[in-house]
Structure formats: structure tokens, C-alpha cells
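Before any comments, here is the structure.
Note on naming: letters A, B, ... go to the chains in the order of the sequence lines (proteins, then strands), and numbering restarts at 1 for each one.
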Amino acid sequence: MASIKATGLVKRYGTVKAVHGIDFEIADGEFVAILGPSGCGKSSTMRMIAGLETVTEGTIEIDGKVVNDIRARDRNVAMSFESYALYPTISIHENIAFPLRSAGMNADEIDRRVRDIAEKMELVPLLGLKPQGLSSGQAQRVGLARALVRKPSVFLLDEPISHLDTRQRYRMRRFIKQLHQQYHYTMIYVTHDQEEALALADRVMVMSNGLIQQMAPPDEIYARPVNAFVAGFVGEPPINFFDCRLARDGGRWTLAFEGQTLTLPERLSDTAAQLGPEALAAVRPHFLSIGVNGPLVLEGKVFVTEELQDQNLVMVDVGKVRFTLVAHPSVRPQRGEVVPLTIDADHLLLFPQDNSRRIDDDLAA
Amino acid sequence: MYELKAVHKRYGLAKVALRKIDLTVRDKEFLVIYGPAGAGKSTILNILAGITRPTTGDVLRDGVSILHLPPERRDTAMAFENYALYSHLSVGENLAFPLHARGMARAEIDQRVRRIAEILGIGHLLDRRPGFLSGGQRQRVALGRAIIRPADIYLLDEPVGHLDAKLRHKIRAELKALADDLNATVVFTTTSSREALALGDRVAVLNQGRLEQIGTPADLYHRPANAFVASFVGDPPMSFITVEPRREADRVAFLTPDGMPVATLRADALDGLRPADAAIQVGFRSNEVRLAQQGDSAALRGRVDVIEHLGHSKIALVGIGRDQVSVSVPAHTSIHVGEEVAIAFPRDAVHLFQDARAVVHAVPSV
């Protein structure tokens, strides 16, 4: 049971500022993913919560108590790292039992807990082995088990499943999610993988340059990104961006791009008026289609089609910009073919070219 | 054409990297070797390049053994996951190196270096030394240096493994187009299902040194030879339900332990099915099943265990008895953990496995 609150949180390493003064609250039992590229400040933020880094400025509260000066081991916060450092000379069983022995728990209870977690994580056959025989995926699971066995009130995971292949990643991801549903730990999960963040978290906190760009539930992060950074970082395949010029033509706004002109839907008029002549347009691959399927139609040339069996990814060049679209497996245009490309008017996004906050907040509402 | 004939590779006494592999690399094909870490993917590339010698077995080029040929006398171009670049040369010079070595004219070298650098998004880095590059940038330089020159065969060992998702996506498309343009023979290793399906003319699935299956992406996806391939190819992985067979005249019905019917197939389609008590599983892809609506005849009842957002869609993981089935649903679907749901599945999209080997794939016509 623990809620977390950060106020004006700053982390400086010498002259380098890693976290630039951020505020956030995480409710008791909530699962939050901190998502961002390397160097965005996500690990520093987590390490300050864990007590592994000092807070340069601002405060961190756990359950309403400022913990800036409380030592890591007294915070009842458990952490699993990407670099699962296991003790090489003792068995997997003893590695997992280690935090419990340090806490002075009795041997029967330790054994019961280790068995329990090992069963859940399919580690039972490994309990008698030493760490050196393990694959990296197995070692990662042991690291996770060792953090979980303490039943902490806050559970911090730093890229815990980045070394696993697709199949194992799904398995672990679902395991972690079910663990959360079952025990209601307050969980914070740091990752650079947008799919993991969306799949796991109740809310995603997207960070870049030491600042929180957006903190919202996964569907909102995906459908209503507040700026071009969030739009570009979230989504697979990645969103399509193109620089364009906006102009007023009678009562409607138009968008000019690579010598082609589109009339914007009424919905975007206010946004267009605020953005001025230069803007960055964006549309997700799922909202583009080949053929004339609406009013916003560009003409492009097919570059390549990737057949993923459940869907096809088609790359289409419009001038110098390469668009990716997701199509039904039966859509297989030839390379070099000139095709009409329809943008779903309900899902076109407009951003300022300088990447500040998106203005059309009513989008896709 | 390259052939591995019963290639076995052992390191030391205990570690077997490859187990009697037979594998053909056809001329001008893009062959992807796909498998988990430690499957033996890199060992195959090293054997083709002549860097590693098989313990037993033979390697042929156009029917002639090349086992005795040292690496420098095989016309292979190779990019490693761990990019070895010349640290004292600039990026441009690193890229140009294989071309200088072949005595190409300066103007043509410049032109090729620029083109490759542009394709890989490193055009602005040509004057830098490798020491000043990020891991992803170095990896692109190493890839560029491998593909810049003509070669009989290109061996690319997880060449985009260290790049972020956006770059991987971009470079994957470029590689595919480039290989088409050059009519090149390429062997490419990866741990990503998506990459394997997107790039491969054929894909060889490797697991613990064994070749599990080789075929076109459609073969692997629609007709996986066994449960490993079924669960390893495709994203999300195929889900399985354990069933028991019950004969009904000329048909066999497959039921869950709770007695819910999962599939009914004509008995004569089940030649491969052994009457023995080996476990039988039915496999479903997440997009072959959906939440049932009223009027659906075939439906399995279960409870939602997990919901995963994937942006445009969600995956509901539905518990049915002791098994769990992934169902792909549109992002706006209202569905909650703990909810009782019914899953509908087309009767003809059934993958049946016994003892983890495929018995039958009744696949809808594509």
C-alpha cells in the first residue's frame, strides 16, 4: 500500500541536468510505465524514488511522507534492474531467498515463498542450479523473482524484459500484469519500448529531455498525443509525419504538401488558424489507405510491401516523404505503382513545427 | 547456391551449436534465419563465411565443397551484430574501404558511399570517427560496409538489432528494396518475428541447434510444422487449448476437459492423429478468433484474465479452463478484466497439434 508524489523534482549530476523539475502523482495500487528514449531522465526518476539517488531539488513523498532523507532499504521499495546481478556462488534458490534471509525471516516461510514465486515464474527446475548456467532470459526471470519475493509495497522495474525474445516477452509481460492484478502492488515500470508501456500500464508517463511530455492512459496517449514527440514515440509501425503549409481558401483551410493540396475538415479549422502557415501533419499507418476512400487523397508511388501475413505494411513515397500504411493481407500493390493514398480525415493530426503542445485537443473525442 | 549438408557443430565437449543441419540457400533469395538467442544462427553464418569449421558435415557452393576455402577466398560480405569498424578511419573511409580494396575509381566510390550512407541515414556522419558514434550509428556503418560492394552472398548477423523501433522499420524497408534491386543472395539473422516475416523470401526457424522448419512466411504462419514454430512465428504468439478427441461416425470432435466443443473435423483429414494418449492441442491465432455475438454457433466460454493495449487494437487474454487464448479486438471495444465472455472461431481455421507436432491445418482459403 503506497502512493507516490513528486513535486518540483530535479536531478543534476555535476553540471548535467537529467530531470528538469517534474511533478506527478501515482495512486496506491496503480501501474505506471515511464516511457522514453535513453537519456530522457526515466531511470534517474526511478532511482530517486527507490532512494538510490539523492534528490537535487524538490520532494518525493511516499504515502504522504517526504522520503528524501530516508535510506533506500527503509522505504520498502523493491527494484529489479535490467542488469540482473545475481550472486554467482550460490544457487538460484538462495539467490531468490537472499532478501528474505537478510530480513531475518524464518526458514520455513522463506522456503514456502521461494517455491511459490518459482512456480509462478517457471523457475522450479532451475532452483538447484548456479547462475552461470542460465540463459539471459532465465537470469532475468530470477532477478525479477528475487525482487518480487519480498512482497514490497512499491515495485520498481527497470527494463526487466528487454533481453527476451517475442514469445518469452509476451509470457513475462502477462505474468507481470497478472501479478499486479492479483496483489495490487504500486508498480512503476521503466522502459524504452512503447509496446510494453501501452500493454502493461494503467497510465503511461512519456518523458523526453528530463521533462514529462504527457501522462495519461494508454488509449489516450495513442489517440490524443499532446505533441509530435509523443505521437512519434508511441505506435508501431511509427506514425507518419509530413511538413506542410496551411492556407485559408474562402471559408476552409487547405494543406499544401509536395505540390498537392488537400482541403482540411471543418474540425481542424481552429487548429489551422492558430498554427499559421507552417505546420507538421501526422497520421497513423492504420488511418491511411490505398484507393480513393474519402476527401483527403494524395498521390504516391509504392516503394515496398511487407507481407506480415496477418496484415501488409505498404510503404508509399509522396515526393520526398515515405508513408507507411497498414493494409489487409490481400492488398499487394507492385513496387513503382502510382496509387491514390487516402488520409482518414477524422484522424489527421496537426502540430506546430517547433513541437510544442498540440492545440486541437478535441481531436478524435 | 549454397548447401549445408548434415552440418554438426560442437564447441568443446558439451556444447552443441548445430545438430545435423541440412539447409539450402538459393541463388538471389533473401533467407532469414530466425530463432531465439543461442539457437545457432550466428554459427551458420560463420560456417558459410568460412570463419568457423563444422565439426562434421559439408558446405557446398554450386555442388562443390568449399570447406577447404579460407574466408578471404570466399566472395562473402558480412555484417556482424558487434560491428568491428576501423577506429582510425572516418565513417566515409570505413564505407569506402571494401571498394578501395577492389581498385574502384574514386568518383564511383564517392557516389556509392553517398548513396549507401543516405539509405542508412548516416550521410551527416561521414567525417566522424567510429569512436564518436552511438551504438546504433556504428551498427549502420557496419551494415553499410557489408552491403556497399558486390558479393556472391551477403551474411547479415542481426544487423539492425541495436537500432530503435523507428530506425529498424525504416532500414528494414530499404534493405528489402536494395536486395531486390541488386538481385542479391542474402542470409539474415534475427530474433524478431516481424522482421523475419517482412524480409524473408524464405525463413528457416532454428531452435537449440535444430532446424524446426524452413519455408515461405505464409508456410510458417499458416502451416507451422510444430507447436514451437506456431508459437514463435507471428505476433502475438499462437495460443493453445488442450482438447480430448471424441469419435462421432466419420467425424472427430475435439472438446475441452470441461466438455466444450472446440472443433469438429472429418476423420479422414486426421491421418496423422494417433489414437494414443498423447496430448492434443488446438492452436488459434489472435486474429482468427473474436468475441462472440448472438447467433454465433461455435463459441467457447471463458473469463478475461488480462487486457493489453497495443494502440490501434487490444489483446484480451481469455482464460478457458487451464489455458489462455489471445483475442485481438479493436481499441474502442469495451471489455474488462474478470468479465465472462464467449469466443467465436471459424470452424475451418483450426491448427491441431499432437505431442507438439502439427497434425492438420484446416486453413481458410486466402
Side-chain angles (χ1 to χ4, degrees), chain A residues 37-38 135-137 163-171 173-178 180-181 192-201 204 217-219 221-223 232-239 284-287 303-315 322 324 326 329-330 335, chain B residues 34-39 134 164-170 172-177 180-181 191-199 216-218 220-222 228 231-238 285-288 305-315 317 324 326 328 331-332 337-338 366:
Chain A
S38 57
S135 72
S136 62
H163 293 270
L164 308 182
D165 63 51
T166 312
R167 203 175 37 130
Q168 287 173 317
R169 237 182 15 243
Y170 268 94
R171 193 187 294 158
R173 194 161 95 186
R174 288 162 174 182
F175 170 77
I176 291 171
K177 183 102 174 175
Q178 281 179 293
H180 177 251
Q181 286 168 192
H192 66 275
D193 183 327
Q194 60 92 28
E195 184 178 308
E196 268 169 35
L198 295 189
L200 280 166
V204 180
D219 45 354
I221 292 273
Y222 181 82
F233 202 77
V234 171
E236 166 62 37
I239 201 166
R284 295 213 178 271
H286 288 92
F287 298 123
F303 175 60
V304 93
T305 301
E306 296 182 346
E307 299 183 19
L308 300 178
Q309 303 308 314
D310 57 336
Q311 61 186 33
N312 284 352
L313 300 188
V314 187
M315 267 47 95
R322 177 159 300 153
T324 300
V326 174
S330 61
R335 187 160 175 208
Chain B
Y34 171 51
S134 71
D164 69 38
K166 245 185 273 186
L167 263 176
R168 279 176 95 127
H169 174 74
K170 178 174 175 284
R172 193 171 83 195
E174 293 283 4
L175 256 184
K176 171 117 176 146
D180 279 355
D181 287 350
T191 55
S192 154
S193 167
R194 204 169 250 271
E195 242 160 59
L197 294 175
L199 283 170
T216 63
L220 301 182
Y221 188 84
H222 295 292
F228 177 82
S231 67
F232 207 65
V233 173
D235 187 355
M238 185 181 273
R285 297 230 177 255
S286 67
N287 59 340
E288 289 170 350
D305 287 336
V306 174
I307 292 175
E308 299 176 302
H309 290 268
L310 293 181
H312 192 71
S313 61
K314 292 193 271 203
I315 298 174
L317 192 63
Q324 287 181 318
S326 298
S328 185
H332 55 76
V337 170
V366 178

Closer than 4.0 angstrom, basic N to acidic O: yes or no for A/E306 and B/R172? yes
If you count heavy-atom pairs under 4.5 Å with chain A, which of B/L220, B/I315, B/D181, B/V233 comes out on top? B/D181
Most contact-rich option vs chain A, by heavy-atom pairs under 4.5 angstrom, among B/N287, B/T191, B/V306, is B/V306
Region of [X] in contact with chain B, defined by heavy-atom distances below 4.5 Å:
| X | value |
| --- | --- |
| A/R171 | neither |
| A/T324 | side chain |
| A/L313 | side chain |
| A/Q311 | side chain |

Heavy-atom pairs under 4.5 Å with chain B are the metric here; pick the option from A/A201, A/P218, A/P285 that has the most. A/P218
Using the side-chain hydrogen bond (donor to acceptor under 3.5 Å, both in side chains) criterion, which residues pair with B/R194? Sequence neighbours excluded.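 Testing B/R194 for side-chain hydrogen bond (donor to acceptor under 3.5 Å, both in side chains), a comparison that skips the adjacent residues, returns A/E236.
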Side chain, backbone, both or neither: which part of B/L199 has an atom under 4.5 Å from a heavy atom of chain A? neither
Looking only at atom types and distance, does a side-chain atom of B/Y34 sit under 3.5 Å from a main-chain N or O of B/F232, one as donor and one as acceptor? yes
Which class fits the ring pair B/H312 and A/H286: parallel under 30°, tilted 30 to 60°, perpendicular over 60°? parallel
Just jot down the salt bridge (Lys or Arg N to Asp or Glu O under 4.0 Å) partners of B/E308, sequence neighbours excluded, or say none. A/R173, A/R174
